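Quantities reported herein were computed from a predicted structural model and do not represent experimental measurements. Every number for a ligand or one of its atoms is a count from 1 in the order of the listing. Values below: all heavy atoms of this structure, side chains included; hydrogens, waters and symmetry mates excluded.
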Amino acid sequence: MPVKLLVTGGAGFMGSAFVRKMSEQQTDANASASYDVTVIDKLTYAGNKSNLSGTNHKFVKADISNKFVVEKLVKNSDIVVNYAAETHVDRSIKSGETFVKSNVLGTFMLLEAARKFSKKLIQISTDEVYGSVDNGRFRETDSLLPNSPYAASKASADLLVRSFIKTYDLDAKIVRSCNVFGHHQYPEKFIPRSITNIIEGRKLQIYGDGKNIREWVHVDDHASAINFIINNDFNGGNVVNIGTGNEKKNIEIAKLVLENFGLGLDMIEFVKDRPGHDFRYAMDWNLLRRKGWRPSTNFNEALSATIEWYRENKKWWKPLLKYS
Ligand SMILES: NC(=O)c1ccc[n+]([C@@H]2O[C@H](COP(=O)([O-])OP(=O)(O)OC[C@H]3O[C@@H](n4cnc5c(N)ncnc54)[C@H](O)[C@@H]3O)[C@@H](O)[C@H]2O)c1
């Protein structure tokens with residue numbers, strides 16, 4: 001019998017990569033399990049049904065904070081993978097209301113339904129819940145010290161998941177990842193915004209002095225890590241970090257993008273820093289590594305492939321620039 005997956009936010013950047021990965025397994029005779037995928041997505045400015053083209057899934061357009069719809073879908077699934085969220089830090093600084101509704105209340109509704117029908121839940125979370133770290137790496141046991149309204153809404157959701165595990169013995173995992181990049185990422189985010197600005201003949205903008213450090217994982221590797229986490233036993237560990245060791249200063253990424261276009265540093269424009277801008281995120285992902293998962297992409301090659309994708313898919317991103 002195929003495993004019934006309910007993927008929330010499946011029309012977004014990372015959710016659609018995961019749906020693509022899992023639907024490939026429907027036709028792969030060597031896959032460990034086969035999956036029947038249902039997507040629930042509200043189709044906000046960041047959701048795009050075309051991201052799911054070529055995948056085999058059922059689609060439901062709805063909000064994860066809609067109790068009635070959520071109960072019905074969770075009841076008919078085996079595992080809920082919660083990607084749905086408002087995700088852009090700058091938008092959360094302008095107005096955090098939708099972040100609390102979707103990221104906190106939405107997660108709560110999924111948890112209530114998962115508890116009611118005894119289903120498994122995977123919460124897709126982020127390194128940003130840990131705050132900023134100058135030295136060393138965030139461990140799964142570290143305290144949550146979020147600095148933006150976005151990060152605080154994700155940390156709140158993580159705490160709700162933890163409370164359901166502790167109080168109701170819910171079968172759930174919180175998966176916190178470093179920054180994700182790749183094809184189909186909304187052009188408001190740093191890497192696609194840098195690429196699309198250059199294609200449009202504009203300058204590549206960098207907050208502050210560009211020395212902030214992020215660790216990067218490719219979106220297809222993130223999807224493979226989630227598949228791995230679903231199919232492996234973590235001996236009761238409720239939190240799993242995803243990392244790669246690919247740490248880069250923002251200015252280094254800008255230089256790589258410009259090199260790819262044969263352009264010089266004069267195309268960089270330093271702009272006023274984001275308030276509360278975290279200096280560095282870095283993950284300790286030994287737990288996942290010890291279990292045997294590894295990323296399969298090389299950062300520089302994957303960045304070049306991403307640039308190529310944006311060059312070839314202007315029809316996908318150009319209409320989105322008006323919302324960015
Ligand atoms: N992008 C990153 O670097 C990164 C890193 C770590 C974790 N995450 C987390 O991964 C998840 C996916 O991120 P992404 O970059 O793919 O985001 P995205 O903004 O590209 O997609 C989010 C999707 O969720 C949908 N959505 C939003 N609110 C909803 C609601 N209330 N009900 C139903 N659907 C809703 C949107 O329509 C969209 O399709 C998020 O939970 C995010 O916090 C992202």
Starting from [atom], what is the nearest protein heavy atom, named by residue and atom, and what distance separates them?
atom                    : result
atom 9 (C) of ligand 1  : I124 CG2, 3.9 Å
atom 1 (N) of ligand 1  : M14 SD, 3.6 Å
atom 32 (N) of ligand 1 : I64 N, 3.0 Å
atom 17 (O) of ligand 1 : T87 CG2, 3.2 Å
atom 12 (C) of ligand 1 : Y83 O, 3.4 Å
atom 39 (O) of ligand 1 : D41 OD2, 2.6 Å
atom 21 (O) of ligand 1 : G12 CA, 3.4 Å
atom 15 (O) of ligand 1 : F13 CD2, 3.5 Å

**N48 N/O to ligand 1 N/O under 3.5 Å** =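 Min N/O separation from ligand 1 is not below 3.5 Å for N48.
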**Message:** If I apply the N/O under 3.5 Å rule, does N82 come out as touching ligand 1?
**Reply:**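 No, since none of the N or O atoms of N82 sits under 3.5 Å from an N or O of ligand 1.
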**Message:** Both conditions, 6.0 Å and 45 degrees, for the charged tip of R139 above the ring of Y130: are they met here?
**Reply:**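 Checked: cation-pi criterion not met.
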**Prompt:** Non-hydrogen atoms of D63 versus ligand 1: any pair closer than 4.0 Å?
**Reply:**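 Yes, D63 has heavy atoms under 4.0 Å from ligand 1.
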**Close approach of Y45 to ligand 1, heavy atoms, under 4.0 angstrom** =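 Judged by the 4.0 Å heavy-atom criterion, Y45 does not count as contacting ligand 1.
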Give the single entry among [options] that approaches [atom] most closely by any heavy atom.
atom                    : options          : value
atom 34 (N) of ligand 1 : H88, K42, K154   : K42
atom 7 (C) of ligand 1  : S177, S125, A151 : S125
atom 26 (N) of ligand 1 : G47, C178, A85   : A85

**Message:** Tell me the closest heavy-atom pair linking F270 and D209, and the distance in Å.
**Reply:**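 That closest heavy-atom pairing would be CE2-O, 3.6 Å.
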**Item:** Taking every non-hydrogen atom, the tightest pair across T87 and F99
**Value:**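 Minimum heavy-atom contact is N-CE2, 3.9 Å.
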**Prompt:** Are T55 and V37 side-chain neighbours, meaning at least one heavy-atom pair lies under 4.5 Å?
**Reply:**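 Not in contact.
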**Prompt:** So, does K119 use its side chain to make a donor-acceptor pair with the main chain of S77 at under 3.5 Å?
**Reply:**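 Pair found, side chain donor or acceptor close to backbone of S77.
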**Asked** Would you say the side-chain atoms of R193 pair up with the backbone N or O of E188, donor to acceptor, closer than 3.5 Å?
**Response**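 Indeed, once roles are kept as given, a pair shorter than 3.5 Å links the two residues.
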**Asked** Do the charged groups of E97 and K101 touch, with an N to O distance under 4.0 Å?
**Response**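 Salt bridge: yes.
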**Prompt:** Pick one: which of L170, I174, L110, N238 meets side chain to side chain contact (heavy atoms under 4.5 Å, CB included) with V161?
**Reply:**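 One option only clears the test, and that one is I174.
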**Message:** Among I191, N179, N246, which residue satisfies the side chain to side chain contact (heavy atoms under 4.5 Å, CB included) criterion with R214?
**Reply:**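 With R214 as partner, I191, N179, N246 yield a single side chain to side chain contact (heavy atoms under 4.5 Å, CB included), made by N179.
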**Message:** Suppose I only count heavy atoms of T126 and a 4.0 Å limit; which atoms of ligand 1 are within that range?
**Reply:**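 By the 4.0 Å cutoff, the relevant atoms are 6 (C), 7 (C).
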